[in-house]
2 protein chains.
Amino acid sequence: MEDNSIVALLERHGVRPTANRILIVKALAAGRHPLSMRDLEIEIQSIDKSNIFRALTLFRERHMVHAVEDGDGATRYELCWSEDEDSDEDEHMHFFCEVCHRTFCLYDRHVPDVSLPEGYRVSSVNCLVKGVCPACGRKRKC
Amino acid sequence: MEDNSIVALLERHGVRPTANRILIVKALAAGRHPLSMRDLEIEIQSIDKSNIFRALTLFRERHMVHAVEDGDGATRYELCWSEDEDSDEDEHMHFFCEVCHRTFCLYDRHVPDVSLPEGYRVSSVNCLVKGVCPACGRKRKC
DNA sequence: GTTTATGCAAATTCTTTGCAATACT
DNA sequence: AGTATTGCAAAGAATTTGCATAAAC
């Protein structure tokens, strides 16, 4: 993802495009998996974790990223690609491998469309499948 | 839930029915929501958290409880009611209220049946809906 | 008597906040 | 000047481990 479009993305969500924030978005866009705070800390050594945390919090408020429970205690973050700025329509399921502890996006599996009884307001749906990924499955058997 | 059936449940899963474990299962059975370690610590003051933790870990290994991400950092636990001892067939969705931070069971909403491509082994599906519960929704509007 | 379970203390990990310094408008 | 952003340090919360004692088989 290019700097130009990252700046545009940030501004579209009302976030000032500082150098740090651009780095964080770039890392999120580059990773094929949702990234945890720890991943980002390691990836971008130049930024303090408190700042990464505050950036992610802001991004989340502005619906620029959403949070994914990683099945392993920590929270992971991924960019929203939805057209709609205020909802999280593009939500897909995730797969957590219990052996290698990686989280994959199942882009072609949408989270179910949940309609709850009168009175509930739904803001997001998180769907995490746990199991063993193909790579780890092979290793085990051989 | 009576002590007899708790003992039977534990033994069915190959877990020795100690006094502490019976207390923990009883608490899990009594709560209408999935309980966090913290909930259990408060509920059962007599047992140390490390022991609660070890009991829950064991129960999880034996498919006697399953873990639910509570949307708020901690993990919550609930008894499996499935007939099948080794899978988590009875899984239903959960609802996390972003205002009161309570987690509810949506017993009538099953998690979707996920069939993944060749190579994946699925062991469980976690589905968490976040939003505002009826009680909090009412308070806000009035 | 050997294995299993427990309590206590302490280490880890992940997240969050306070505050002073810096950068931006 | 005045607001927003940042780094550093430290607090908090949730989880996990080490080890010595106690209980169960």
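Letters A, B, ... are given to chains in the order of the sequence lines, protein chains preceding strands, and every chain is numbered from 1. Keep in mind that what you see is a predicted model, and the values were worked out from it rather than measured.
If you measure from atom NE2 of A:H101 to atom P of C:dC14, you get 12 Å, rounded to the nearest angstrom. One can place CG of B:N51 at 11 Å from P of C:dC8, the figure rounded to the nearest angstrom. The interatomic distance linking B:D48 (CG) with D:dA14 (P) rounds to 16 Å, in whole Å. Going from atom CG of B:L23 over to atom P of C:dA5 covers 16 Å, rounded to whole Å. Across the protein-nucleic acid pair, A:R54 atom CZ and D:dC8 atom C1' stand 10 Å apart, rounded to whole Å. We find that NZ of A:K49 is positioned 10 Å from C1' of D:dA10, with the value rounded to whole Å. In this structure, the CD1 atom of B:I42 is 12 Å from the C1' atom of D:dA13, given to the nearest Å. For the pair A:I47 CD1 and D:dC8 C1', the computed distance is 15 Å after rounding to whole Å.
For D:dA23, the OP1/OP2 oxygens have no side-chain nitrogen or oxygen of B:R16 closer than 4.0 Å. Considering only side-chain N and O atoms, B:N20 lies under 4.0 angstrom from the phosphate OP1 or OP2 of C:dG7. Between C:dC14 and A:T75, no contact under 4.0 Å exists linking OP1 or OP2 to a side-chain N or O. Close to D:dA13, at under 4.0 Å from its OP1 or OP2, lies no side-chain N or O of B:R38. Here B:T18 reaches the OP1 or OP2 of C:dT6: one of its side-chain N or O atoms lies under 4.0 Å away.
In this structure, OH on A:Y77 lies 12.5 Å from NE2 on A:H66, to the nearest 0.5 angstrom.
Counting distance only, with no hydrogens placed and no angle test, the side-chain atoms of A:S50 and the base atoms of D:dC8 include a donor-acceptor pair under 3.5 Å.
Side-chain N or O atoms of B:D70 include one that pairs as donor or acceptor with a backbone N or O of B:G73 at under 3.5 Å.
Classified by interplanar angle (parallel below 30°, tilted 30° to 60°, perpendicular above 60°), the ring pair A:F95/A:F104 is tilted.
When the shell of 6.0 Å around CG of A:D108 is examined, it contains more than 12 heavy atoms from other residues, nucleotides or ligands.
In this structure B:F96 satisfies the ring pair (Phe, Tyr, Trp, His ring centres under 6.0 Å) test together with B:H101, sequence neighbours excluded.
For B:P17 and A:S46, each mapped to the nucleotide of DNA chain D holding its nearest heavy atom, the one lying further toward the 5' end belongs to A:S46.
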